[in-house]
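In what follows, a single structure is set out as structure tokens and then discussed.
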Amino acid sequence: MQTKFIFVTGGVMSGLGKGVTTSSIAKLLQLANQKISCIKIDPYLNYDAGTMNPVAHGEVFVTEDGGECDMDIGNYERFLNQNIPKIHNITTAQVYSKVIDAERKGEYLGACVQIIPHITDEIKNRIRKIATDEALDFLIVECGGTVGDIESLPFLEALRQMRVEDGPKNVMFVHVTLAPSLDVVGEQKTKPTQHSVQELRRIGIQADFLAVRCTQPLEEKTKNKIALFTNVASEDVLSCHDAKSIFEVPQILYDQGILDSIFTKFGKVGMVNASANWDKWNKIADSMISPRDKKVKIAMVGKYVTLADSYVSVNHALKHAGARLGKSVEIDWIDSESITDYSTLDNYNGILIPGGFGIRGSEGIIKTANYAREKNIPYLGICFGFQLAAIAFGQNVLNLDDANSTEIKQDAKNPVIDLLPEQKNISDMGGSLRLGGHKINIKPGTIAHKIYKSNSINKRHRHRYEINKEYIAQYEKNGMIFSAESDGGKRMEILEIPSHKFYLGVQFHPEFNSRPGFAEESFVSFLEASSR
Ligand code: GLN
């Protein structure tokens with residue numbers, strides 16, 4: 001069986017929604033009963049996204065198998081309701097280091113090792129291996145960056161070669177561009193698209209489809225003009241106009257005949273009747289879009305609040321839970337470094353502390369966690385938010401002198417949060433945290449058990465520090481209960497205060513498991529308590 005490849009490239013500028021286009025095409029093929037998956041190529045030199053600041057590059061998405069990936073992988077997982085393995089996020093560093101290692105081992109003995117063919121071969125091998133190993137009908141590959149970037153050239157060259165080698169019946173290109181309209185004239189401009197397609201042709205790639213971002217639906221005459229200048233059939237120039245929600249995009253593309261066109265071009269005949277799939281998806285998409293009058297206001301207090309994408313999965317998870325409960329969720333981000341008047345938190349129905357690292361801003365989070373406890377405001381603390389809630393309790397209820405995390409204060413007299421023992425001798429920062437899915441056991445009779453209705457769950461992790469077990473007895477005697485553990489009781493995974501309206505901390509990252517139509521349980525319970 002030959003996998004069909006769809007390569008998605010970007011033109012004009014970044015931020016046009018290549019990820020949503022990729023996910024939406026994949027979704028349509030999945031709805032048509034095809035076995036699909038996605039790959040994200042990131043042409044930067046980091047080995048993975050784990051060492052990048054989320055404010056610069058958006059959230060680090062953690063996969064089930066422990067990859068620290070680009071946030072687009074999260075988009076794919078949410079759209080497709082399907083786990084994506086970490087090898088589906090290919091970076092320049094991974095490709096080059098593999099080739100350089102092979103050269104040192106003598107695997108190319110006698111050859112001059114070059115970008116073409118050695119680097120491009122390695123890229124193609126990675127893509128093809130995923131297609132074969134997973135026996136996919138379609139593999140959609142999104143190439144990060146904008147055509148014309150130096151960084152992405154070897155990747156685009158590899159994709160070009162694949163089209164030649166596998167033929168147009170097996171490989172096609174979708175190019176995402178922009179048709180801006182200037183307010184004064186109101187006319188949709190085609191020149192940026194023309195230039196971007198030319199740039200793509202210059203490196204030997206002819207687009208089969210153009211996904212054109214625009215504010216209003218692309219006019220017929222604009223489509224025709226773009227078609228004339230780009231060698232793309234006018235019916236394959238697709239309008240990707242602004243939608244109320246990303247969940248409308250698959251339908252927008254479907255209505256323009258993209259699925260028929262893909263099947264025809266690939267010579268796949270006899271499209272299956274997939275109305276049952278569509279019914280399920282429409283229900284989910286509608287639930288995410290439908291207007292709701294009851295509003296829940298959540299304060300998200302953290303340090304990476306200047307970029308909306310820094311906590312993108314947490315935002316989505318709150319929305320999934322809102323859709324499930326029929327509530328609209330309003331999220332305000334509050335910078336933990338600049339918060340001084342904690343009474344502003346009284347204006348919110350709930351407080352959420354997401355993950356984070358380092359000293360900066362931690363003081364404000366500890367005070368926030370304490371304020372939520374004292375004022376009986378529903379609280380959900382994730383990872384850092386779990387650890388800092390424990391610190392707040394140690395400082396203010398247990399009155400432990402200098403209770404802290406050794407991440408924040410190395411010589412704290414009471415290190416209630418400390419490095420994981422296996423982290424003590426680690427020197428490399430990349431890929432060395434406790435990562436990915438781990439089994440967690442929940443104690444019956446606890447709030448956690450009520451939330452998850454199970455004795456065990458599997459959740460994704462990304463941390464270096466944990467609860468110091470020496471203090472557990474003191475905590476539990478004073479009303480903070482550790483209701484779940486992992487690794488044979490070695491690590492604490494959930495904390496709760498049973499006497500509080502809702503006070504829950506989780507060492508794991510529940511947001512990475514939340515999907516439209518399948519809201520993650522801790523978010524649902526938190527939002528439920530917040531709307532009470
Ligand atoms: N900085 C903390 C740790 O490394 C929490 C990490 C996180 O929130 N992802 O354990």
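Only this structure's heavy atoms are used, side chains among them; waters, hydrogens and symmetry mates stay out. Numbering of ligands and ligand atoms starts at 1, following listing order.
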Atom pairs and distances, ligand 1 N/O vs protein N/O under 3.5 Å:
from, atom 1, to, atom 2, distance (Å)
ligand 1, 1 (N), Gly356, O, 3.0
ligand 1, 1 (N), Glu407, OE1, 2.7
ligand 1, 1 (N), Glu407, OE2, 2.9
ligand 1, 4 (O), Arg464, N, 3.0
ligand 1, 8 (O), Gly356, N, 2.9
ligand 1, 8 (O), Gly356, O, 3.3
ligand 1, 8 (O), Phe384, N, 3.1
ligand 1, 9 (N), Arg462, O, 2.9
ligand 1, 9 (N), His509, NE2, 3.2
ligand 1, 10 (O), Gln387, NE2, 3.1
ligand 1, 10 (O), Arg464, N, 3.0
ligand 1, 10 (O), Tyr465, N, 2.8

All side-chain hydrogen bond (donor to acceptor under 3.5 Å, both in side chains) counterparts of Glu374, not counting sequence neighbours | Asn370
For the residue pair Tyr475 and Phe393, does the interplanar ring angle fall in the parallel (under 30°), tilted (30 to 60°) or perpendicular (over 60°) class?
-> parallel
In terms of the angle between their ring planes, are His463 and His461 parallel, tilted or perpendicular, with boundaries placed at 30° and 60°?
-> tilted
Do other residues, nucleotides or ligands put more than 12 heavy atoms under 6.0 Å from Lys244 NZ?
-> no
For Ile391 and Ala403, work out which heavy atoms get closest and say how close.
-> CG2-O, 3.6 Å
Is the Phe512 to Phe61 ring centre distance short of 6.0 Å?
-> yes
